[in-house]
Chemist: 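Have a look at this one.
Hydrogens, waters and symmetry mates play no part in the numbers below; they use all other heavy atoms, side chains included. Remember, it's 1-based here, ligands and their atoms both numbered in the order they're listed. None of these values were measured; they are calculated from a predicted model.
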Amino acid sequence: MSRVGYALEPKKVDTFIQPSFLHYAKQHSIDLIQIDLTIPLSQQGPFHCILHKLHTQSWKNQLQEFSTKHPNTVIIDPPELIDRLHNRITMLESVTQLQLSIQNENATVEIPNQVVVEEPISFDLGSIEEHSLRFPLIAKPLEANGTVDSHNLFLVFDRDGVKSLDNNPMVLQEFVNHGGVIFKIYVAGKQFKCVKRKSLNDISQEKLKTIKGSVPFSQISNLGEGDGGGSSAVDKAEMPPQSLVSELARVLRERLGLNLFNVDVIRDGKNPGRYLVIDINYFPGYAKLPSYEEFFTNFLMDVVQQPKSV
Ligand SMILES: Nc1ncnc2c1ncn2[C@@H]1O[C@H](COP(=O)(O)OP(=O)(O)OP(=O)(O)O)[C@@H](O)[C@H]1O
Ligand SMILES: O=P(O)(O)O[C@H]1[C@H](O)[C@@H](O)[C@H](OP(=O)(O)O)[C@@H](OP(=O)(O)O)[C@H]1O
Ligand SMILES: [Mg+2]
Ligand SMILES: [Mg+2]
């Protein structure tokens with residue numbers, strides 16, 4: 001039996017550590033063991049591998065100490081590399097200037113045009129022109145550290161909308177119409193899977209003439225059905241080419257130096273060969289994937305069979 005320790009928030013334990021997963025992993029000689037956060041990590045183990053999604057300095061110190069004492073334990077993943085996903089600018093840096101070699105596909109992968117606003121109240125609106133940003137924009141807290149606040153997004157329709165934002169560092173990103181469907185590529189080491197989900201509806205030119213200021217994300221669904229969107233749009237949407245999905249998963253895994261993440265990708269409604277990465281999340285909700293038990297166990301088997309080289 002290989003021993004895999006996990007250190008996760010209680011909510012994540014509830015969703016991710018399902019009995020079906022524990023059972024499937026055990027059948028494949030993987031024992032998943034909950035790390036007791038009330039006891040120093042150094043007093044626990046041994047572990048072939050440690051999975052974690054905790055970001056306190058105390059946890060990072062414990063991991064560092066454990067790793068020094070037990071260099072053969074694989075830490076999935078290094079905290080300093082995970083930290084790059086906690087800032088919405090550094091998160092997307094690995095995507096810029098991606099030269100994907102996608103066979104037989106006329107496709108590009110980019111990120112939306114965006115700018116950081118440190119203080120919305122005193123923001124120099126001239127920067128909007130300077131960065132050639134076009135309304136509507138989507139405003140996202142710069143910090144993406146898993147807190148409720150980090151998911152408080154706004155649609156911004158004009159300059160007054162920028163001024164009305166909460167006075168925290170934000171990223172202003174161009175909203176790209178994409179037919180109301182988002183593609184989520186889940187990566188776990190060499191394993192990857194792309195699924196489609198409902199996303200924000202397109203914003204029509206008509207609507208743009210009538211809506212002013214900014215609208216919090218929680219109210220965006222009240223803007224009406226829009227053009228496209230809805231669950232039938234999801235059913236009808238064509239998946240991105242498999243070669244794009246596999247290349248994106250492979251290249252990002254290499255560039256980020258991470259094993260566990262998902263990538264949110266949209267397809268430009270005006271240019272179906274243009275794909276945009278809008279978000280990358282560390283250790284996402286794998287349990288939402290069909291047969292996640294097998295998907296994740298395959299990953300763990302790769303890790304324990306080839307320590308330190310996944
Ligand atoms: N640039 C964009 N253009 C169009 N739609 C966007 C854009 N950015 C985000 N969205 C929409 O807003 C949603 C939330 O944005 P994003 O994924 O960046 O936020 P998040 O808080 O990090 O979400 P989560 O981590 O839960 O996936 C996306 O799933 C998509 O529907
Ligand atoms: O709350 P933070 O730490 O930010 O992480 C969330 C991610 O941002 C989301 O992307 C995850 O949902 P998806 O797996 O549907 O992307 C979401 O999955 P979950 O709610 O199933 O745990 C979380 O992992
Ligand atoms: Mg997202
Ligand atoms: Mg996110």
Chemist: To the closest 0.5 Å, what do you measure between CZ (R84) and CE (M91)?
Modeler: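 Atom-to-atom, R84:CZ and M91:CE are 11.5 Å apart.
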Chemist: Any donor and acceptor pair, going by atom type alone, linking the side chain of N271 with main-chain N or O of G273 inside 3.5 Å?
Modeler: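 Yes: the side chain of N271 pairs with the backbone of G273.
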Chemist: Should I278 and V109 be regarded as members of a common hydrophobic cluster, given that ILVMFWY residues are connected when their side-chain heavy atoms come within less than 4.5 Å of each other, either directly or indirectly?
Modeler: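 Each belongs to a different hydrophobic cluster.
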Chemist: Could you measure the distance from the CG atom of N167 to the CD atom of E118? Nearest 0.5 Å is fine.
Modeler: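 Reported to 0.5 Å precision, the distance equals 10.5 Å.
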Chemist: With respect to Y186, determine whether any N or O atom, backbone or side chain, lies less than 3.5 Å from an N or O atom of ligand 2.
Modeler: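 Right, the criterion is met.
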Chemist: Side chain or backbone, does N281 bring an N or O within less than 3.5 Å of an N or O on ligand 2?
Modeler: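 Indeed, backbone or side chain, N281 has an N or O that close.
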Chemist: Atom 13 (P) of ligand 2: which protein heavy atom is closest, and how many Å away?
Modeler: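 Answer for atom 13 (P) of ligand 2: K288 NZ, 3.3 Å.
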Chemist: Could you list the atoms of ligand 1 found under 4.0 angstrom from a heavy atom of I182?
Modeler: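 Those qualifying, in numeric order: 28 (C), 29 (O).
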Chemist: According to the interplanar angle, ranging from 0 to 90°, do the rings of F296 and F299 count as parallel (below 30°), tilted (30 to 60°) or perpendicular (above 60°)?
Modeler: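 Ring orientation of F296 relative to F299: perpendicular.
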Chemist: Which atom, among the N/O/S set of D279, is closest to the Mg ion (ligand 3)?
Modeler: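 Output for this pair reads OD2.
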Chemist: Ligand 2 and G285, any nitrogen or oxygen pair closer than 3.5 angstrom?
Modeler: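 Yes - when backbone and side-chain N and O of G285 are compared with those of ligand 2, one distance drops under 3.5 Å.
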Chemist: Kindly work out whether a path of hydrophobic side-chain contacts (I/L/V/M/F/W/Y, heavy atoms less than 4.5 Å apart) joins L8 to L258.
Modeler: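 Same hydrophobic cluster.
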Chemist: Which residue supplies the protein heavy atom nearest to atom 16 (O) of ligand 2, what is that atom called, and how far is it?
Modeler: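 Going atom by atom, the protein heavy atom closest to atom 16 (O) of ligand 2 ends up being K184 NZ, 2.7 Å.
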Chemist: Just need the protein heavy atom nearest to atom 31 (O) of ligand 1, so name the residue and atom and give the distance.
Modeler: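 Residue, atom and distance for the closest contact: S199 OG, 2.5 Å.
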Chemist: Just checking, any donor-acceptor pair under 3.5 angstrom between side chains of N61 and E65?
Modeler: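 Their side chains do not contain a donor-acceptor pair, so the 3.5 Å distance test is not met.
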Chemist: Nearest 0.5 angstrom please: Q62 CD to L41 CG, how far?
Modeler: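 It comes to 5.5 Å.
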Chemist: Tell me whether ligand 2 is touched by F283 - counting only heavy atoms on the residue side and a distance under 4.0 Å.
Modeler: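 The answer is yes: ligand 2 sits under 4.0 Å from a heavy atom of F283.
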Chemist: Looking at Q173, which atoms of ligand 1 are within less than 4.0 Å of one of its heavy atoms?
Modeler: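 The atoms of ligand 1 under 4.0 Å from a heavy atom of Q173 are 1 (N), 2 (C), 7 (C), 8 (N).
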Chemist: Go through ligand 2 atom by atom and flag the ones less than 4.0 Å from a non-hydrogen atom of K12.
Modeler: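 That gives atoms 22 (O), 24 (O) of ligand 2.
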Chemist: Between K53 and ligand 2, is there a nitrogen or oxygen pair with a distance under 3.5 Å?
Modeler: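 Checking ligand 2 against K53, an N or O pair does fall under 3.5 Å apart.
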Chemist: Judged by non-hydrogen atoms, does Y286 sit under 4.0 Å from ligand 2?
Modeler: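 It does not, in that no heavy atom of Y286 comes within the 4.0 Å cut-off of ligand 2.
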Chemist: Quick test: of every protein heavy atom, which one is nearest to atom 14 (C) of ligand 1, and how far off is it to 0.1 Å?
Modeler: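 Going atom by atom, the protein heavy atom closest to atom 14 (C) of ligand 1 ends up being L153 CD2, 3.6 Å.
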Chemist: Within ligand 2, which atoms have a heavy atom of H151 less than 4.0 Å away?
Modeler: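 Within the 4.0 Å cut-off of H151, ligand 2 contributes 1 (O), 2 (P), 4 (O), 8 (O).
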Chemist: Suppose we measure from atom 24 (P) of ligand 1 to each protein heavy atom; which comes out shortest, and what is that distance?
Modeler: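 The closest heavy atom on the protein side is D279 OD2, 3.5 Å.
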Chemist: Under 4.0 Å from a heavy atom of R88: give me the atoms of ligand 1 that qualify, with their elements.
Modeler: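 Answer, ordered by atom number: 18 (O), 19 (O), 20 (P), 21 (O), 22 (O).
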Chemist: Hey, can you tell me if F16 and F283 have their rings parallel, tilted or perpendicular (30° and 60° cut-offs)?
Modeler: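 If you compare the ring of F16 with that of F283, the planes turn out perpendicular.
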Chemist: Using a 4.0 Å cut-off to any heavy atom of I266, which atoms of ligand 1 qualify?
Modeler: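 With I266 as reference, the close atoms of ligand 1 come out as 3 (N), 4 (C).
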Chemist: Would you say Y6's side chain and I17's backbone share a donor-acceptor pair under 3.5 angstrom?
Modeler: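 The answer is no, because no donor-acceptor pair under 3.5 Å joins these two groups.
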Chemist: If we set the cut-off at 4.0 Å for heavy atoms, which region of N145 has an atom near ligand 2: side chain, backbone, both, or neither?
Modeler: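 It is neither; nothing of N145 touches ligand 2.
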Chemist: With hydrophobic residues grouped by side-chain heavy-atom distances under 4.5 Å, do L133 and M170 end up in a single group?
Modeler: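 Looking at the clustering, M170 is in the same group as L133.
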Chemist: Would you say D77's side chain and L260's backbone share a donor-acceptor pair under 3.5 angstrom?
Modeler: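 Indeed, once roles are kept as given, a pair shorter than 3.5 Å links the two residues.
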Chemist: Considering only the protein, which heavy-atom contact is closest to atom 8 (N) of ligand 1, and what is its distance?
Modeler: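 I find the closest protein heavy atom is K140 NZ, 2.9 Å.
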Chemist: Please tell me whether T108 and E110 have a donor and an acceptor in their side chains that are separated by less than 3.5 angstrom.
Modeler: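 A donor-acceptor contact under 3.5 Å links the two side chains.
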Chemist: Quick one: nearest non-hydrogen protein atom to atom 25 (O) of ligand 1, plus distance?
Modeler: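 Heavy-atom neighbour on the protein nearest atom 25 (O) of ligand 1: N281 OD1, 2.8 Å.
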Chemist: What pair of heavy atoms forms the shortest contact from P78 to G257, and how long is it?
Modeler: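 The answer is CD-O, 4.3 Å.
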Chemist: Measuring from the Mg ion (ligand 3), name the closest N, O or S atom belonging to D264.
Modeler: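 Restricting D264 to its N, O and S atoms, the minimum distance to the Mg ion (ligand 3) goes to OD2.
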Chemist: Does ligand 1 have any atom that is closer than 4.0 Å to a heavy atom of P112?
Modeler: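 Yes.
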Chemist: Just which atoms of ligand 1 are under 4.0 Å from any heavy atom in K184?
Modeler: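 It comes down to these atoms of ligand 1: 27 (O).
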Chemist: Purely on distance, is any nitrogen or oxygen of R197 under 3.5 Å from one on ligand 2?
Modeler: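 Yes; at least one N/O pair falls below 3.5 Å.
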Chemist: Any idea which protein heavy atom is nearest atom 21 (O) of ligand 1, and the distance to it?
Modeler: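 Ranking protein heavy atoms by distance from atom 21 (O) of ligand 1, first comes H151 ND1, 2.6 Å.
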Chemist: Where is the nearest protein heavy atom to atom 13 (C) of ligand 1: which residue, which atom, and how far?
Modeler: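 Minimum-distance protein heavy atom for atom 13 (C) of ligand 1 reads F217 CZ, 3.6 Å.
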Chemist: Checking the side chain of R255 only, and the main-chain atoms of S94 only, is there a donor and an acceptor separated by less than 3.5 Å?
Modeler: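 Yes, the answer is positive, given that a donor and an acceptor are paired below the 3.5 Å cut-off.
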Chemist: Determine yes or no for a side-chain-to-main-chain donor-acceptor pair under 3.5 angstrom, with Y292 supplying the side chain and T297 the backbone.
Modeler: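 Not a single qualifying donor-acceptor pair exists.
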Chemist: For ligand 1, which is the ligand I care about here, please tell me if V176 has any N or O atom under 3.5 Å from one of the ligand's N or O atoms.
Modeler: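 Checking ligand 1 against V176, an N or O pair does fall under 3.5 Å apart.
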Chemist: In terms of side-chain heavy atoms, does T147 have a donor or acceptor partner in N145 at a distance below 3.5 Å?
Modeler: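 A donor-acceptor contact under 3.5 Å links the two side chains.
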Chemist: Going only through I, L, V, M, F, W and Y residues with side-chain contacts under 4.5 Å, is there a path from V171 to F217?
Modeler: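 V171 does not cluster with F217.
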Chemist: Give the numbers and elements of all ligand 1 atoms closer than 4.0 Å to a heavy atom of D264.
Modeler: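 Here the atoms of ligand 1 in question are 17 (O), 27 (O).
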Chemist: Relative to the heavy atoms of F175, which atoms of ligand 1 are at a distance of less than 4.0 Å?
Modeler: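 Those atoms are 3 (N), 4 (C), 5 (N).
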Chemist: Looking only at distances, can you tell me whether any N or O atom of N262, backbone or side chain, sits closer than 3.5 Å to an N or O atom of ligand 2?
Modeler: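 Indeed, backbone or side chain, N262 has an N or O that close.
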